[in-house]
Amino acid sequence: MASHSLEVNGVVHHVEADQNEPLLWILRDAIGLVGAKYGCGIGQCGACTVQLNGHPVRSCSLPVSAVAGQKITTIEGLSDGDDLHILQKLWVEFDVPQCGYCQAGQLMSAAALLETNPDPSDEEIDAYMAGNFCRCGTYNRIRKAIRTAAEMKNSPAVTVADSGALPLAGVPQERA
Amino acid sequence: MTTRKPSSRLTDTLKGRLQARGIDLTTSTAAGEESLVVSRRGFLRLSGYGGGSLVLGCYLPLSGTPEVNAAPAVDAVELNTFISLAKDGTITIYSPGPEMGQGVKTSLPMIVAEEMCADWSSVRTEAAPVEERFGRQSSGGSTNIWRHFQAMRIVGATTREMLLAAAAERMKLPRTELRAEQGRILHSSGRSIAFAELVGPELERQPVPSPETLTFKDPSTYTLLGTRVGQTDNADIVQGRPLFGIDQQVPGMLYGTFVKCAVLGGKVVSANLEEVRRAPGVKDAFVVRGTGNPSELSDGIAIVGSSTWAVLEARKKLQVQWDESEASRDSWQAFQEQADRVSRETGETPVADSGDVEGAFAHPDHRVADAFYQYGFVSHLCLEPQNCTADYRHGTGGQADSLELWIPSQIPGRARQYAQSLFGLNPEDVTIHQLRMGGGFGRRTSYEYANEAIAMSRQVGAPVKNLWTRTDDIQHDYFRAAGAQRLRAALDAEGRLVAWQNHFVGVSNRGKVVPGSVLQPSEFPMLNLNHARASQTALEIATPCSYWRAPGANVNGFVVQSFLHELSVLAGRDHLEFLLEIMGEPRYLGAPNQWSLHTGRASAVIRLAAERGGWGGTVPDGEGLGLAFHFSHAAYVAELAHVGVDEAGKVKVHKVTAAVDVGPVINLSGAEGQVEGAIIDGISAMMGQKITMEGGRIAQTNLHEYPVLRMPHAPVVEAHFIQSDTAPSGLGEPALPPVAPAICNAIFTVTGKRVRTLPIADAGFAFA
Ligand code: FES
Ligand code: FES
């Protein structure tokens, strides 16, 4: 056991932990931030994704000793106070989640993608997001939300309605 | 899935009276289930719930109980569903169905809100507490929509009527001149009043209308049902709020892990518990004895400690001597050989026998085709592993022991029965919280993870969160049963399908055929033909199998729809035309209710999928189209897959076009999402997913050994709905079964290679 200082969402936490304990369990059990999820524990599903200095990392496979003193952002810190991140807004607008379990990880990866590549192609989105498994199969809506966020960022005149993605206030289809 | 007898005690007069009011009654299901039946108990006002708000409860019989016509009950004990109107305008609607991503916590309250003409933005939805008075609280079999539709409409219409009456009093206007719209009561003069302003004495005073007097909105005037509405939990989900079972934190809570024998049925002989107890952070380690039924509780070692990591690290030190003398010896290799061998004989249980099958096969003008199809075990792989938090409190001073459970379960209330039968608790001393599930797919219908948590909490005297590792979750799953089917069919001289024979080889556990491993006499296309014969054999295995999304349908759809394509190719006929010919004239195959296939609705979705997906059009070289249809869960789904395959067998699914008839769509966004999700789930499973075992030991441990579909392989999915004028039915499962045969039929069109095995990786195919 050793003491570690972690900067999570701008707040410094001092935790006593085995140096090999993965960041995921420190966040969930010690700090009480449960947005990052356990799915596989071996870096294969992406449910535990958080950002380390702005880069997406699998917190289940990152020992606490390796991240001390660095900037960690979790889903709880993605929004700016009450104002949701544009991706969070679009996730709601496009009704992306099904069970929702993977979505914190999806959002943390997607937000990092747009930071490094503000105008990704569909292929670039697919490649970047391939580490985030969604058991419910919400991939198409995730892709559309990311594309729309990029378009809205790059040309402020673009609105959700222009995106071609499904707006929520649709009309019923015809009845037989 | 449980079989219950339809009630015979509902009188015909009552039926007639309610039917005259548009209340649809007693739709018997194939399994003998019954939809909600409205009794004369009706709707009641409740006191003691709202604290200043008006709380209305709806007395509906607990689904499946025989006393639908019993004397009216007047206390709140049998309350099934309720709604609360607060003075600040907030409307809270409780959803009875557990939420696992199928959207029921949104769609059921939408029905109430539509009928009461509420403004959806003022509605909050909540999962109902797990109490008997809320009636049946289970999610499975795509049943929530049809089971609760009528009850939800009654709750909404009753509330609307009472609001109208209260407004008439307040506004001193004739009630007949008032109408409700978007959370307000309006008068033609332009005067109006908000629902919230009516919460008070006038509303309190209004008599509760009896269900027979209610009128329901004409569907053409719906403003909410049929539109796209986002899930009410979305804002919490995208901010990472603690919604799931795994997220629960209780004061003083400890963490537990439970180690079972890797070979199912192994019993603990001894373990180095002293050493494990000395590991950092460990509070206790002890043996728990199982009941012999793995869905209840298996033998194992519980390790409880101060953090998840502490118990997982201690687990690495654990050494157990297991007695495997009565444990599983299952072998995937042996199972396949046995299924192949057995399928060549007639099955032990007859399923169907009509006409003269032998005569049809022997007819000199007929062409006969044979095929052997097989499929493997599949895991559920809910992304949230099984978990449960239990707080077992030892009674003091002569008080009985009590229990509080936080359980992500498809049928949370049933945990109470085990608390009683395994731990001796009084049902009334057990409090259950249902939590959002990180996927269900049929997996969360057993209780071992809850009972392990209870055993741990009872032992250590503190709340314990029991969390399975991913490996526990895969290796101690209840798998989709593997099996095989040997078919034979005859075509007449005109290339028409005239006879059908099938031997279905499935699986039993502990002497009982497992759910979904069964061939029904009504399985398509046997009722469409004059000559059909089928039988079934169950191979007894120890590997536990159970419900997996669209049980039965997920394998039968593949086999039947692939073999039908084989036959249309043999006949030299267009597959679409061949399928439509088998459907024939519009009619029910079986009793005229939603559980029997209606050939007209089937033909309509088949035509629509073909038309929207470009059937008959040209596609580039190396690409092809495949069509399939399947009827399950009262839903009609046809899918057309546009697929590319290269020389090396690399498959790219470009697009799947689905045509769906589940009656009226409740939430279009949810419906589209379920179609898309089920299709992607179906592709994920058919490509490479397979659980294997040797010597009773499951070979797969985690995602690196169990391939899942990821974003680059997700096809475009287009969903089209035919909204037949019937009762609505559920959509969590029925879009899954047609996708595997649609893709395999397309693969044949491109390569000439017939795939008769799932996963198709076993036939040499992989994602491009
Ligand atoms: S839990 Fe970290 S990648 Fe799966
Ligand atoms: S929404 Fe369920 S796992 Fe992605």
Side-chain angles (χ1 to χ4, degrees), chain A residues 1 17-18 21-22 25 28-30 32-42 44-45 47 74-76 79 84 88 91-93 95-104 107 125-127 129-130 132-133 135-143 166-176, chain B residues 100-101 103 219 222 226-231 233-235 237-244 246-247 249 255 280 307-309 313 381-385 436-439 469-470 604 664-665 668-669 672-673 676-677 679-681 702-704 708-712 714 716-717 721-725:
Chain A
M1 291 291 242
D18 169 9
E21 178 163 354
W25 300 117
R28 291 184 59 86
D29 295 353
L33 294 173
V34 297
K37 296 291 192 272
Y38 167 72
C40 68
I42 59 167
Q44 292 274 323
C45 75
T74 71
I75 188 70
E76 290 90 345
S79 68
L84 294 183
Q88 290 173 308
W91 246 242
V92 172
E93 183 67 33
D95 192 23
V96 170
Q98 284 187 26
C99 82
Y101 194 78
C102 71
Q103 299 297 347
L107 279 159
I125 295 174
D126 283 4
M129 299 297 293
N132 286 84
F133 168 48
R135 174 66 181 86
C136 301
T138 63
Y139 298 120
N140 284 318
R141 290 188 187 186
I142 292 173
R143 201 190 282 128
L166 300 175
L168 276 180
V171 287
Q173 299 200 359
E174 69 197 76
R175 281 161 201 288
Chain B
M100 53 184 172
Y222 283 168
T227 65
R228 295 190 178 97
V229 172
Q231 285 196 70
D233 278 347
N234 280 348
I237 289 170
V238 301
Q239 295 177 81
R241 301 230 166 99
L243 298 171
F244 298 91
I246 196 175
D247 299 339
Q249 310 254 14
Y255 297 79
S307 71
T308 309
W309 184 245
E313 282 294 281
L381 210 84
C382 301
L383 193 51
E384 179 192 19
R436 190 178 185 91
M437 289 167 268
T469 65
R470 172 56 56 199
V665 169
L668 186 54
S669 178
E672 289 165 335
E676 186 159 325
I679 285 171
I680 284 172
D681 192 0
N702 207 323
L703 281 180
H704 63 295
V708 295
L709 188 151
R710 293 164 184 276
M711 196 183 280
V716 173
V717 174
F721 295 93
I722 295 177
Q723 303 202 33
S724 288
D725 189 16

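Because the structure is a prediction, the values reported are computed rather than measured. Residue numbers start from 1 in every chain, and the chains themselves are labelled A, B, ... in the order their sequence lines are given, proteins ahead of strands.
Per-residue heavy-atom pair counts under 4.5 Å with chain A were compared for B/Gly438, B/Pro712, B/Ala714, and the maximum is reached by B/Pro712. Counting heavy-atom pairs under 4.5 Å between each of A/Ala36, A/Gly32, A/Gly41, A/Pro22 and chain B puts A/Pro22 at the top. The most heavy-atom pairs under 4.5 Å with chain A, out of B/Ser307, B/Pro242, B/Gly677, B/Gly101, come from B/Gly101. Chain A forms the most heavy-atom pairs under 4.5 Å with one residue out of B/Val716, B/Leu381, B/Ile679, B/Val717, and that residue is B/Leu381. Top candidate by heavy-atom pairs under 4.5 Å with chain A, chosen from B/Gly673, B/Ala235, B/Gly439, is B/Gly673. Among A/Val96, A/Asn140, A/Leu84, the residue making the largest number of heavy-atom pairs under 4.5 Å with chain B is A/Asn140. Of the listed residues (A/Gly35, A/Ala30, A/Gly39), the greatest number of heavy-atom pairs within a distance under 4.5 Å of chain B belongs to A/Gly39. Comparing A/Met129, A/Met1, A/Arg28, A/Glu76 by how many heavy-atom pairs each has under 4.5 Å with chain B, the most go to A/Arg28.
Residues A/Phe133 and A/Tyr139 form a side-chain contact, since some pair of their non-hydrogen atoms from C-beta on lies under 4.5 Å apart. Counting heavy atoms from C-beta on, the side chains of B/Ile246 and A/Tyr101 come closer than 4.5 Å. A/Lys37 places none of its side-chain heavy atoms less than 4.5 Å from the side chain of B/Leu383. Residues A/Pro97 and B/Ile237 have side chains in contact (heavy-atom distance under 4.5 Å, counting atoms from C-beta outward).
Looking at B/Leu709, the atoms closer than 4.5 Å to chain A (heavy atoms on both sides) sit in the backbone and in the side chain alike. Within the 4.5 angstrom heavy-atom criterion, only side-chain atoms of A/Gln103, from C-beta onward, approach chain B. Interface remark: B/Gln249 contributes side-chain atoms only to the contact with chain A (heavy atom separation under 4.5 Å). Contacts of A/Asp18 with chain B are made by side-chain atoms alone, with heavy-atom separations under 4.5 Å and no backbone atom involved.
Residues passing the side chain to side chain contact (heavy atoms under 4.5 Å, CB included) test with B/Thr469, sequence neighbours excluded: A/Tyr38, B/Leu312, B/Arg315, B/Thr471, B/Asp472. Residues passing the side chain to side chain contact (heavy atoms under 4.5 Å, CB included) test with A/Ala104 are A/Ile75, sequence neighbours excluded.
Residues B/Arg241 and B/Asp247 are not paired through a salt bridge, judged by the lack of any N-O separation under 4.0 Å between the basic side chain and the carboxylate.
In this structure, CG on B/Asn234 lies 5.0 Å from CG on A/Asp95, to the nearest 0.5 angstrom.
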